[in-house]
There are 2 protein chains.
Amino acid sequence: MSEEKKKIVSSKPQTRIRAAHEKTILSEAEIIFAQYGYAGAKLSQIAKAVNISKTNLLYYFPTKESLYLNVLKNIIDIWLEKLTLFNQVGSDPATKIKNYIIDKLELSQKHPNASKVFANEIINGATNIGDYLQERFSTTLEEDVKLINTWINEGKMDAIDPYHLFFMIWASTQTYADFSVQIQLALKKDKLEQCDFDNAAEFISKVVIKGLGISQ
Amino acid sequence: MSEEKKKIVSSKPQTRIRAAHEKTILSEAEIIFAQYGYAGAKLSQIAKAVNISKTNLLYYFPTKESLYLNVLKNIIDIWLEKLTLFNQVGSDPATKIKNYIIDKLELSQKHPNASKVFANEIINGATNIGDYLQERFSTTLEEDVKLINTWINEGKMDAIDPYHLFFMIWASTQTYADFSVQIQLALKKDKLEQCDFDNAAEFISKVVIKGLGISQ
DNA sequence: GTCTATAAGGGGATAGAC
DNA sequence: GTCTATCCCCTTATAGAC
């Protein structure tokens, strides 16, 4: 018997029609949850976006909460693949940090709704996800903090508090997804373009690397 | 006839009991809206927090939307008082930028719920506040951008894109309010303390100022 | 296995009592 | 001026039809 990854929806047998429906439902649900948060999102909205009846939606995901948790789980999995400095390509601090920033910004650009769902969840107190977050996030963060401290001890960068460094990088990159509306207002654009993300990557990595006293 | 500031609730005459109720209602509403966003917040929750009936609440604020707009207006007024680099004390770039960052962080510390309501509003598309924001925010931002460009032309700092600088500062400071739960998880604390905000101010201003090539 | 008619409850708002 | 009994709609969820 093969050890399969536990899925929250695992109990139901997977038919072709179920697999197809679940995929589109999760995709549309992410958009709605991103815009309205958990409480504000309505199953009727999601059902309408998928073009099925509200009650039919509840056949595939028996409760609103189960749907939400599955959306959230998808997001965290995408996140954790990239959210590590330690496994970033490169050997020197400058390269690793720059690639880390570029990867995080790419997530903001390609998965803005995922970022917004996550933001909503954290703002409202991470009630649904706290434990899962603690478990999976903390370990990779601690590893990355250690790496920064190694670099500090080796004299490769200034002695700063690694935690606040990560808070700054997370915030500065996620803002291009979560607060895109404000950024669009400021830049007087209807939509953020590739060049905006390129400029952001350039700016953030320059300021962070130089600000940390890392020689390139 | 004196020119009074237009208030959204202006139409009703102010009695003592109304003034007192409105104050506590706005205060509690801010907390609830911060946690659940507009759609997610329930008038019944807010009424319960104020210890009045839901219908009585609707006497003081005739609609949910009117209540929300008043909460939001309070917040923006607090914001705009401080959110200007131009009017910051100090004459040299380093001092002005450092004080700007300290002030923004102080807002995150003292008005975390205001910050969260604002964050929710922006994430869900700024549908209620877009015009007001454009009007009041844009002017001060443009002024601040000009100031940065002056400093660049005077050779006081590296030639960077001023807009992305402000996005970074806003994000890095607001994250201590909006994402406080995530930060608490990372720091393994139940509550952020004064020293955490001091460390944040120290870190952010150091990295930004040094990263911009500003000599101190 | 897939989908829908119907239920049960809570949402914001109003008309009218004090 | 202040407060409440009542309304109507829309929410999630279930029991049962195909």
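Every chain is numbered from 1 and lettered A, B, ... according to where its sequence line falls, protein lines coming before strand lines. No hydrogens, no waters, no symmetry mates; every other heavy atom, side chains included, goes into these values.
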Will you find, in the side chains of A:E28 and A:Q45, an N or O donor that is under 3.5 Å from an N or O acceptor?
no
Measure the distance from [atom1] on [X] to [atom2] on [N] and round it to the nearest whole Å.
{"X": "B:L57", "N": "D:dA5", "atom1": "CG", "atom2": "P", "value": "16 Å"}
{"X": "B:I25", "N": "C:dG12", "atom1": "CD1", "atom2": "P", "value": "14 Å"}
{"X": "A:I46", "N": "D:dC10", "atom1": "CD1", "atom2": "P", "value": "18 Å"}
{"X": "B:Q14", "N": "D:dG1", "atom1": "CD", "atom2": "P", "value": "11 Å"}
{"X": "B:I32", "N": "C:dG11", "atom1": "CD1", "atom2": "C1'", "value": "15 Å"}
{"X": "B:F61", "N": "D:dT2", "atom1": "CZ", "atom2": "P", "value": "13 Å"}
{"X": "B:K54", "N": "C:dA13", "atom1": "NZ", "atom2": "C1'", "value": "9 Å"}
{"X": "A:K48", "N": "D:dC10", "atom1": "NZ", "atom2": "P", "value": "12 Å"}

Under 4.0 Å between a side-chain N/O of [X] and OP1 or OP2 of [N], yes or no?
{"X": "B:H21", "N": "D:dT2", "result": "no"}
{"X": "A:S53", "N": "C:dT4", "result": "yes"}
{"X": "A:Y59", "N": "C:dC3", "result": "no"}
{"X": "B:S44", "N": "C:dG10", "result": "no"}

Taking the side chain of [X] as heavy atoms from C-beta outward, which of [options] is closest to it?
{"X": "A:Y60", "options": "C:dC3, C:dG11, D:dG1", "answer": "C:dC3"}
{"X": "A:N56", "options": "C:dT4, D:dC3, C:dA13", "answer": "C:dT4"}
{"X": "A:I17", "options": "D:dA13, C:dT2, C:dA13", "answer": "C:dT2"}
{"X": "B:L43", "options": "C:dT2, C:dG12, D:dT2", "answer": "C:dG12"}

Assign each of B:T55 and A:T63 to its nearest nucleotide of DNA chain D by heavy atoms, then name whichever residue's nucleotide is nearer the 5' end.
B:T55
Is any side-chain heavy atom of B:I204 closer than 4.5 Å to one of B:L105?
yes
Side-chain atoms of residues 170-187 of chain A: list all donor-acceptor pairs with protein atoms under 3.5 Å, sequence neighbours left out, distances to 0.1 Å.
from, atom 1, to, atom 2, distance (Å)
A:W170, NE1, A:Y100, OH, 2.9
A:S172, OG, A:M168, O, 2.8
A:S172, OG, B:S172, OG, 3.3
A:T173, OG1, A:I169, O, 2.7
A:T173, OG1, A:W170, O, 3.1
A:Q174, OE1, A:K104, NZ, 2.9
A:Y176, OH, B:H164, ND1, 2.6
A:D178, OD1, A:S115, OG, 2.8
A:S180, OG, A:A177, O, 3.3

Within 45 degrees of the axis of the six-membered ring of B:Y38 and under 6.0 Å from its centre: does B:K64 put its NZ or CZ there?
yes
How would you label the contact of [X] with the nucleic acid (heavy atoms, under 4.0 Å): base, sugar-phosphate, or nothing?
{"X": "A:A41", "result": "sugar-phosphate"}
{"X": "B:K42", "result": "sugar-phosphate"}
{"X": "B:L58", "result": "base"}

How about NZ on B:K98, more than 12 heavy atoms from neighbouring residues, nucleotides or ligands closer than 6.0 Å, or not?
no
